[in-house]
A.B. asks: 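Sharing a structure below in structure tokens format, with a few things to ask.
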2 protein chains.
Amino acid sequence: MPASRASVRKIAEPTVRRLSHYLRYLEAFERAGRGTVSSGELAHSGGTTSAQVRKDLSFFGSFGKRGLGYDTHELVAKLRQILGLDRAWRLVIVGAGKIGSALARHPGFRGRGFEVVGIFDADPNRVGHVLGGVAVWDVKVLESEIRHLRADIAVLAVPPEEAQTIATRLGRAGVHAILDFSTAPLEVPAGVTVRSVDLALELEVLSHALVSR
Amino acid sequence: MPASRASVRKIAEPTVRRLSHYLRYLEAFERAGRGTVSSGELAHSGGTTSAQVRKDLSFFGSFGKRGLGYDTHELVAKLRQILGLDRAWRLVIVGAGKIGSALARHPGFRGRGFEVVGIFDADPNRVGHVLGGVAVWDVKVLESEIRHLRADIAVLAVPPEEAQTIATRLGRAGVHAILDFSTAPLEVPAGVTVRSVDLALELEVLSHALVSR
DNA sequence: CCTAGATTGTGAAGGTTTTCACAAGCTCGT
DNA sequence: ACGAGCTTGTGAAAACCTTCACAATCTAGG
Ligand SMILES: NC(=O)c1ccc[n+]([C@@H]2O[C@H](COP(=O)([O-])OP(=O)(O)OC[C@H]3O[C@@H](n4cnc5c(N)ncnc54)[C@H](O)[C@@H]3O)[C@@H](O)[C@H]2O)c1
Ligand SMILES: NC(=O)c1ccc[n+]([C@@H]2O[C@H](COP(=O)([O-])OP(=O)(O)OC[C@H]3O[C@@H](n4cnc5c(N)ncnc54)[C@H](O)[C@@H]3O)[C@@H](O)[C@H]2O)c1
């Protein structure tokens, strides 16, 4: 008998990314006062096909109305729930350098349910400053402060050679999700999800596209 | 008779991303003085399998030695060529705000063959400043200056509502590759490749991972 | 020169994701 | 109350990507 989790079955990552996109467009439709949206309209905005949209949604049940489409509010609520956006997530940023402070000062995350509750840096010149309304703490108190702040997600924006050490400490402090900007691959204990944003790699993908046209 | 390009056939994007990774590890092996590397070693560093590594490379020919592995220098050179990194790419950054200036001041890109040659902004207070050794130009002169600078790739770091306009102008100015940080989907003419780095979306993928454990 | 041991290159199998195609179901105008 | 016109939900087919498995080929050591 195959193992069966109480919650949702495994969903492919491309599907999750598309769901995020659908949510954005739905919110735009919602602001525009549209009561229902069809899979074709959602597909058009997101550069995919209506069949793909329906397949993606059918994973979670069937909440469309044949002949009409999907109820905008209802689908927004459903997608928020699926993506875990029906609550606020508490974010910490480790490394208040160029990237870290750009993120800390970005007002857009709060509106999408991600609240920066703490910032950490090793440089005494940065500790004590305030970025985007949040104080910068000394990384020495990372573990205790993260527990105190009840952080869910950490953004790692430290130099590459520090990334592994901090990732390990974050894991021990109970953080289960890390968004990493360093280039090195991280080893984390099971139960911790890491996503890497590797800008040099993105440029290399563009480079490849340019030479293979 | 099927159409046949002189250059390489279509390669899947996951493959291209892995090739970038292999190149990183190979460069580390090269610095460590290793003359040859096996598919197993490359796979281990990158979290994939030896069969995957060999399959990826076999796409471009067979440059390994059975019983030995791959010649480090040779494979580095070959991957650079495949990825188009055997030349320097000329980058412009449009939008010298939080993200744009973080990138402009990042010294790491030049070492990987991406040179920032121009920065543009609409804000008169920013025009004329120097970031990372490069002057900020008024976006009014975008087209002419881009042609003059012979830019290959543009980084788009303007507010979301400006992104489409600038993307269109970039396309007209002869830029064939765009790295976009705004959240909106861009419409670009055929022949222009866009990669989006959507940080809110990355956080949403983490959110989903957190709730579906 | 020959054998033991290692590693590549690649067809074939397996798995996953996307696309196709159409019956079923809903709405709205008459 | 009914038919025309859309749109969903979903099996089946197709496309795509990864893993398997092994013959072919190389090195190194005696
Ligand atoms: N800036 C970019 O455009 C860019 C581009 C690509 C990749 N990255 C990567 O992103 C990461 C951050 O880059 P950045 O440009 O912001 O670097 P940065 O040097 O501007 O900032 C790094 C910050 O981390 C702090 N720090 C160092 N060690 C620490 C520790 N152990 N604990 C806490 N803080 C510590 C430093 O004091 C500094 O403030 C790096 O891994 C870099 O390779 C940055
Ligand atoms: N900062 C972040 O952490 C972050 C996070 C997620 C997404 N983003 C996205 O990245 C983009 C840039 O964000 P940011 O935080 O750097 O914004 P920002 O407001 O700090 O900077 C935007 C810059 O673009 C300039 N600008 C405006 N219109 C322009 C035009 N037509 N041509 C040229 N320049 C123009 C502004 O003068 C400003 O300097 C936005 O689309 C934002 O949504 C940023």
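The model shown is predicted, which means the values in this text are computed figures rather than measured ones. Just so it is clear: chains get the letters A, B, ... in the order the sequence lines come, proteins before strands, and each one is counted from 1.
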A.B. asks: Test B:Ile93 against every option in B:Ile153, B:Val155, B:Val158, B:Leu156 by the side-chain contact (heavy atoms from CB on, under 4.5 Å) rule and name the one that passes.
C.D. replies: B:Val155

A.B. asks: Grab the CZ-P distance between A:Phe59 and C:dT18 for me, whole Å please.
C.D. replies: 10 Å

A.B. asks: Is A:Arg18 close enough to C:dT18 that one of its side-chain N or O atoms is under 4.0 Å from OP1 or OP2 there?
C.D. replies: yes

A.B. asks: What residue among B:Arg90, B:Arg147, B:Arg87 forms salt bridge (charged side-chain N to carboxylate O under 4.0 Å, His left out) with B:Asp152?
C.D. replies: B:Arg87

A.B. asks: How many angstroms lie between OG1 in A:Thr165 and CG in A:Leu142, if you round to the nearest 0.5 Å?
C.D. replies: 11.5 Å

A.B. asks: Can you tell me the distance, in whole Å, between the CG atom of A:Leu57 and the P atom of D:dG9?
C.D. replies: 8 Å

A.B. asks: Calculate, to the nearest 0.5 Å, the distance between atoms CZ and CD belonging to A:Phe60 and A:Gln81 respectively.
C.D. replies: 10.0 Å

A.B. asks: Please state how far atom NZ in A:Lys55 lies from atom P in D:dA15, giving the value in whole angstrom units.
C.D. replies: 16 Å

A.B. asks: Is the phosphate of D:dT8 approached by A:Ser39 (side-chain N or O, under 4.0 Å from OP1 or OP2)?
C.D. replies: yes

A.B. asks: Quick one: B:Asp71 CG to D:dT27 C1', roughly how many Å, whole number?
C.D. replies: 15 Å

A.B. asks: Atom CZ of B:Phe60 and atom P of C:dG9: how far apart are they, to the nearest Å?
C.D. replies: 13 Å

A.B. asks: Is there a donor N/O on one and an acceptor N/O on the other, under 3.5 Å, for the side chain of B:Arg66 and the base of C:dT8?
C.D. replies: yes

A.B. asks: Nearest whole angstrom, please: distance from the C1' of C:dT8 to the CG of B:Leu75.
C.D. replies: 13 Å

A.B. asks: Please determine, by modelled atom types, if B:Arg54 and B:Ser39 share a side-chain donor-acceptor pair under 3.5 angstrom.
C.D. replies: yes

A.B. asks: Taking all heavy atoms of A:Ser38 and all of A:Glu41, pick out the closest pair and write down the distance.
C.D. replies: N-OE1, 2.9 Å

A.B. asks: Measure the distance from CD on B:Glu13 to P on D:dA15 and round it to the nearest whole Å.
C.D. replies: 21 Å

A.B. asks: Quick check for you: to the nearest 0.5 Å, what is the distance between A:Glu115 atom CD and A:Arg110 atom CZ?
C.D. replies: 4.5 Å

A.B. asks: Just to confirm, is there a sub-4.0 Å distance from OP1 or OP2 of C:dT19 to any side-chain nitrogen or oxygen of A:Gln52?
C.D. replies: yes

A.B. asks: Answer yes or no: does a side-chain N or O of B:Thr49 lie under 4.0 Å from OP1 or OP2 of D:dT19?
C.D. replies: yes

A.B. asks: Find the bend of the helix from C:dC1-D:dG30 to C:dT30-D:dA1 as the angle between its two terminal axes (five pairs each), to the nearest 10°.
C.D. replies: 10°

A.B. asks: Would you indicate, yes or no, if D:dG9 has its OP1 or OP2 atom less than 4.0 angstrom from a side-chain nitrogen or oxygen of A:Tyr70?
C.D. replies: yes

A.B. asks: Kindly give the atom pairs (protein nitrogen or oxygen, nucleotide nitrogen or oxygen) under 3.5 Å for nucleotides 28-30 of chain D.
C.D. replies:
none

A.B. asks: For the residue pair B:Ala200 and A:Arg24, what are the closest heavy atoms and their distance?
C.D. replies: CB-NH2, 3.4 Å

A.B. asks: Where the side chain of B:Ser38 is defined as all heavy atoms beyond and including C-beta, which of C:dC20, C:dT18, C:dT8 is the nearest nucleotide?
C.D. replies: C:dT8

A.B. asks: Does C:dT8 have its OP1 or OP2 closer than 4.0 Å to a side-chain nitrogen or oxygen of B:Arg54?
C.D. replies: yes

A.B. asks: Between C:dT18 atom P and A:Leu19 atom CG, what is the distance in whole Å?
C.D. replies: 11 Å

A.B. asks: ring-ring contact (aromatic ring centres under 6.0 Å, His included) with B:Phe109: which residues, sequence neighbours excluded?
C.D. replies: B:His106

A.B. asks: Quick check: on DNA chain C, is the nucleotide nearest B:Phe63 upstream (toward 5') of the one nearest A:Lys65, or the reverse? Name the residue that is more 5'.
C.D. replies: B:Phe63

A.B. asks: For the CD atom on A:Glu187, are there more than 12 heavy atoms of other groups (residues, nucleotides or ligands in this structure) within a distance under 6.0 Å?
C.D. replies: no

